[in-house]
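Beneath this line is the structure, given in structure tokens, with notes to follow.
Numbers restart at 1 for each chain; the letters A, B, ... are given by sequence-line order, proteins then strands.
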Protein chains: 2
Amino acid sequence: MDIIFREKLQEKGLKVTPQRVAIYEAIVKLNNHPTAENVIDYIKENHPNISVGTVYNVLDSLVENTLLKKVKTEKDIMRYDAILSNHHHLYCAETDRIEDYVDEKLNNLINEYFEANKIKNFKVQDIKLQITGKFNNNIKS
Amino acid sequence: MDIIFREKLQEKGLKVTPQRVAIYEAIVKLNNHPTAENVIDYIKENHPNISVGTVYNVLDSLVENTLLKKVKTEKDIMRYDAILSNHHHLYCAETDRIEDYVDEKLNNLINEYFEANKIKNFKVQDIKLQITGKFNNNIKS
DNA sequence: TACACAATGATAATCATTCTTATTTAGGAA
DNA sequence: TTCCTAAATAAGAATGATTATCATTGTGTA
Ligand SMILES: [Mn+2]
Ligand SMILES: [Mn+2]
Ligand SMILES: [Zn+2]
Ligand SMILES: [Zn+2]
């Protein structure tokens with residue numbers, strides 16, 4: 001499971017620390033784009049002495065090394081995503097609810113489009129759709 | 001020019017104040033997705049007594065009334081956009097540079113796609129592409 | 001096992017944003 | 001035009017997510 005994560009840390013030249021492992025596991029387990037605070041709350045049970053600054057530092061360095069991604073919302077709080085495969089987000093500004101939107105056909109459509117229509121003076125690294133609107137239910141699909 | 005803006009304020013039931021006009025004009029003139037601080041700095045010259053809280057309040061209420069839009073970036077600072085027509089953004093995370101990306105053909109493609117492929121349990125209000133990458137020059141096109 | 005340096009914990013500082021409250025003002029009514 | 005009142009603003013304090021500082025600890029390596 002997280003043997004892979006440990007290996008990735010080593011590849012990137014980052015030391016394997018219990019904090020890094022715990023934080024990464026928290027993001028994976030929490031699963032719905034948690035905030036730093038969500039991570040801290042979750043980790044505190046098994047890891048009561050973790051420091052707030054450490055959580056922010058670890059999150060930053062994992063993003064920096066592409067082991068996590070940032071997820072931006074309307075709110076003044078950053079959220080994080082352990083799913084690195086190309087996917088998009090459904091977002092409701094009223095409730096700040098986020099759900100993943102995976103659609104390989106759409107990804108292909110967009111990739112083909114930009115293959116045929118290059119953007120001048122810009123090298124694309126990542127294209128992500130922010131789909132804003134309203135959910136019709138309260139149940140996580 | 002901003003006669004239209006004054007009319008829009010009235011339509012929405014918002015009073016036409018010098019602050020609101022100045023802030024809106026600043027966003028339009030600054031033109032590249034300014035922050036609240038950019039707006040304050042710009043306005044201070046002609047309007048030295050404007051209050052920081054007022055700028056945030058006005059920006060919020062203009063967004064609320066769809067006279068402006070928020071633009072999210074990797075950074076912990078909100079930016080604002082006076083261009084309401086459907087367009088996307090080229091964004092470089094390293095330099096925090098943003099440029100508009102207008103592409104009607106792409107908009108049609110995406111609209112058609114979601115027309116044919118409805119998202120279950122979600123009513124789409126807005127779809128925006130966040131195109132992350134690197135600019136090849138320093139000149140504003 | 002020892003060492004060097006990266007990482008962490010504790011805590012203070014930062015700073016974009018929000019809140020509070022007294023004062024001012026836009027705009028409708030008289 | 002003048003009055004009135006709710007809405008808006010100015011000033012400054014407070015908030016809270018994030019960042020910085022620095023002494024201590026721990027990982028990976030020799
Ligand atoms: Mn912030
Ligand atoms: Mn904040
Ligand atoms: Zn996601
Ligand atoms: Zn724009």
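- Side-chain N/O atoms of Gln19(A) include one lying less than 4.0 angstrom from OP1 or OP2 on dG9(C).
- Neither Val71(A) nor Ile127(B) shares a network with the other; the hydrophobic side chains, linked directly or stepwise wherever heavy atoms of I, L, V, M, F, W or Y lie under 4.5 Å apart, form separate groups for each.
- Of the listed nucleotides (dT17(C), dA8(D), dA7(C)), dT17(C) has the atom at the smallest distance from the side chain of Ala36(B).
- Other residues, nucleotides and ligands contribute more than 12 heavy atoms inside 6.0 Å of the NZ atom of Lys75(B).
- Rounded to whole Å, atom C1' of dA17(D) lies 13 Å from atom CG of Asn38(A).
- Comparing Leu14(B) and Thr35(B), the nucleotide of DNA chain C nearest to each residue sits closer to the 5' end for Thr35(B).
- Here the P atom of nucleotide dT17(C) and the CD1 atom of Ile77(A) are 13 Å apart, to the nearest Å.
- If you measure from atom CD of Glu64(A) to atom C1' of dA7(C), you get 16 Å, rounded to the nearest angstrom.
- Follow the hydrophobic side-chain contacts under 4.5 Å out from Ile43(B) and you reach Leu67(B) in the same cluster.
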Handout entry: Residues Asn107(B), His88(B); criterion side chain to side chain donor-acceptor pair (under 3.5 Å); working and verdict
Key = CA-CA 9 Å; Asn107(B) 290 343; His88(B) 309 282; 2.8 Å; yes
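- For DNA chain D, the neighbouring residues in residues 45-63 of chain A, judged by any heavy atom under 4.0 Å, are Tyr56(A).
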Problem - Evaluation steps, side chain to side chain donor-acceptor pair (under 3.5 Å), between Asn57(B) and Thr54(B) - result: CA-CA 5 Å; Asn57(B) 284 340; Thr54(B) 298; 5.6 Å; no
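- Here the nucleotide nearest the side chain of Thr17(B), chosen from dT9(D), dA7(C), dG9(C), is dT9(D).
- Closest heavy-atom contact between His33(A) and His87(A): NE2-NE2, 4.4 Å.
- Summarising the geometry, atom CD1 belonging to Ile77(A) is positioned 7.0 Å from atom CG belonging to Asp96(A); distances are rounded to the nearest 0.5 Å.
- With rounding to whole Å, Lys75(A) atom NZ is found 12 Å from dA17(D) atom P.
- Counting to the nearest Å, the P atom of dA7(C) and the NZ atom of Lys12(A) are 14 Å from each other.
- Here the C1' atom of nucleotide dT25(C) and the CZ atom of Arg20(B) are 12 Å apart, to the nearest Å.
- One atom, NZ of Lys15(B), and another, C1' of dA8(D), lie 7 Å apart when rounded to the nearest Å.
- Here dA6(C) presents its P atom at 16 Å from CG of Leu9(A), a figure rounded to the nearest Å.
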